[in-house]
Amino acid sequence: MAAAGDEQLLLHLKLAFLALEPPACVLTLARKAGGGSVTPHVQKFILENCIGTNVGKSPNYAYVETILKKVIAEAELSSDIVIDELYEELGQCMLSKANNSSLDMANKIYKDISFLSPTYDSVSSNPASLVARLSCSTNMLEGDTGCCLWPSSLFLSEFILSFPELFSEKCCFELGSGVGLVGVCLNYVGASKVILTDGDVSTLANMKANMEMNSLYIKDSQLVIESKNKVECKYLSWEEASDKDLWGCQRDVILGADIIYNPSCVPHLVRVLSMLLREDDEQCTSVNAATNEETSNEVSEKDATGDRVAYIATVIRNVDTFSCFAKAAADAKLSIVNITSTVTPSSFLPYMLSYDRSSVQLLEITLLS
């Protein structure tokens with residue numbers, strides 16, 4: 001059992017490195033794997049399984065350099081032996097960083113987010129049920145927040161993987177999709193249709209690139225229509241969105257992660273949520289007349305049952321902003337139920353020490369009858 005426990009700790013260390021967890025978190029896992037210190041055995045594992053040239057693509061030299069420096073400093077501080085290969089790798093990394101400075105200046109990094117099966121018991125039994133490779137931004141100061149990975153997105157992804165029956169064979173529509181992680185998870189659990197949206201052009205371009213990198217995005221619009229379990233990426237500005245923009249966008253489930261953050265956007269967000277959730281008999285009739293699709297009446301009958309639901313994962317960073325959202329939603333006759341305490345997702349990301357799932361609230365939003 002001890003050996004299995006050691007293997008699990010080493011696996012967590014590797015996955016944290018590939019997910020580009022903060023260096024302090026990686027160092028904490030390295031200490032745990034070494035029984036309290038970064039032993040030569042752990043150092044060798046980091047070299048061969050984390051930094052090794054056969055692991056991952058497009059290395060972030062600045063990140064690797066920071067990890068190596070911290071590991072060496074930690075080992076020296078605890079009087080552990082520092083293997084020579086570690087110093088050699090640091091020197092090579094610094095040289096590569098100097099020769100490829102333009103790569104590290106691009107403000108883009110690649111994260112491999114591995115969702116571990118909660119029931120795995122050995123690293124030899126393919127513990128990762130899903131791996132999403134994502135291009136993310138390092139430049140939040142320039143307003144590039146849509147290309148960052150937020151805790152609510154991780155929580156919503158765990159929720160989807162924990163309760164696949166809520167999304168399987170459903171048309172799922174996400175607002176403010178960012179890097180697209182939720183879309184990867186929806187596709188994995190068998191959603192019949194996944195529509196990801198964002199109102200920022202650069203974020204949308206990055207999202208499409210991420211879906212293509214995960215073999216989920218098809219550029220040809222006709223192939224998108226004909227394909228099953230593929231993801232469609234659409235531009236949607238909340239401020240400008242109208243019923244016409246949503247015509248033909250079937251949706252059984254609406255999702256969003258960390259989209260309640262700006263008071264000025266709240267009225268537009270609530271208006272879009274209302275449009276997505278409402279029965280829309282008149283809209284369906286218009287769509288049917290415009291496209292001559294026989295399935296529109298069936299969609300209308302399904303929507304009329306009031307089955308549509310929205311799941312919004314959010315971190316309440318500003319109480320006033322959330323109160324503004326709650327009041328606007330009530331005025332729009334939307335029901336908001338906090339289901340965080342009654343629905344607990346399984347832990348698929350135990351190696352992500354920076355992910356504070358306790359800070360995330362999960363809201364279930366429906367139309368008031």
Going by heavy atoms in the side chains, are [X] and [Y] under 4.5 Å from each other?
| X | Y | answer |
| --- | --- | --- |
| Glu21 | Leu353 | yes |
| Val360 | Thr340 | no |
| Val194 | Leu216 | no |
| Asn210 | Val184 | no |

According to a 4.5 Å side-chain heavy-atom criterion applied to Ile, Leu, Val, Met, Phe, Trp and Tyr, with indirect links allowed, do [X] and [Y] form part of one hydrophobic cluster?
| X | Y | value |
| --- | --- | --- |
| Tyr261 | Leu236 | no |
| Trp238 | Ile336 | yes |
| Leu181 | Leu204 | yes |
| Val189 | Ile113 | yes |
| Val131 | Leu116 | no |

(Q) Applying salt bridge (Lys or Arg N to Asp or Glu O under 4.0 Å) as the test, list every pair that has at least one member in residues 326-343; sequence neighbours left out. (A)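 Counting only pairs at least two positions apart or across chains, the salt bridge (Lys or Arg N to Asp or Glu O under 4.0 Å) contacts touching residues 326-343 are Lys327-Asp331.
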Q) Are Lys111 and Val179 close enough, and set up right, to give a side-chain contact (heavy atoms from CB on, under 4.5 Å), and what steps lead you there? A) CA-CA 11 Å; Lys111 297 186 176 187; Val179 296; over 6 Å; no
Q. Looking only at atom types and distance, does a side-chain atom of Glu85 sit under 3.5 Å from a main-chain N or O of Lys44, one as donor and one as acceptor?
A.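 Pair absent, no side-chain N/O of Glu85 close to backbone of Lys44.
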Q. Does the Thr39 side chain pair with the main chain of Val42, one donor and one acceptor, at a distance under 3.5 Å?
A.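 It does hold such a pair.
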Q. Using a distance-only test with no angle check, is there a side-chain donor-acceptor pair under 3.5 angstrom linking Asp245 and Ser242?
A.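 The criterion, which ignores hydrogens and geometry beyond distance, is satisfied for Ser242 and Asp245.
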Side-chain donor-acceptor pairs of residues 154-166 under 3.5 Å, sequence neighbours excluded:
from	atom 1	to	atom 2	distance (Å)
Ser157	OG	Ser153	O	2.8
Glu158	OE1	Tyr355	OH	2.8
Glu158	OE1	Arg357	NH2	2.6
Glu158	OE2	Phe348	N	2.8
Glu158	OE2	Leu349	N	3.3
Glu158	OE2	Arg357	NH2	3.4
Ser162	OG	Glu158	O	2.7
Ser162	OG	Ser346	N	2.8

Q) CD1 of Ile81: more than 12 outside heavy atoms within 6.0 angstrom? A)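 Count not over threshold, so no.
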Q. Looking at Lys208 and Glu212, does any basic side-chain N land under 4.0 Å from a carboxylate oxygen?
A.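 Answer for the salt bridge query: no.
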Q | Carboxylate-amine/guanidinium contact Arg278 Asp243, below 4.0 Å | A |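 A salt bridge is present here (some side-chain N lies under 4.0 Å from a carboxylate O).
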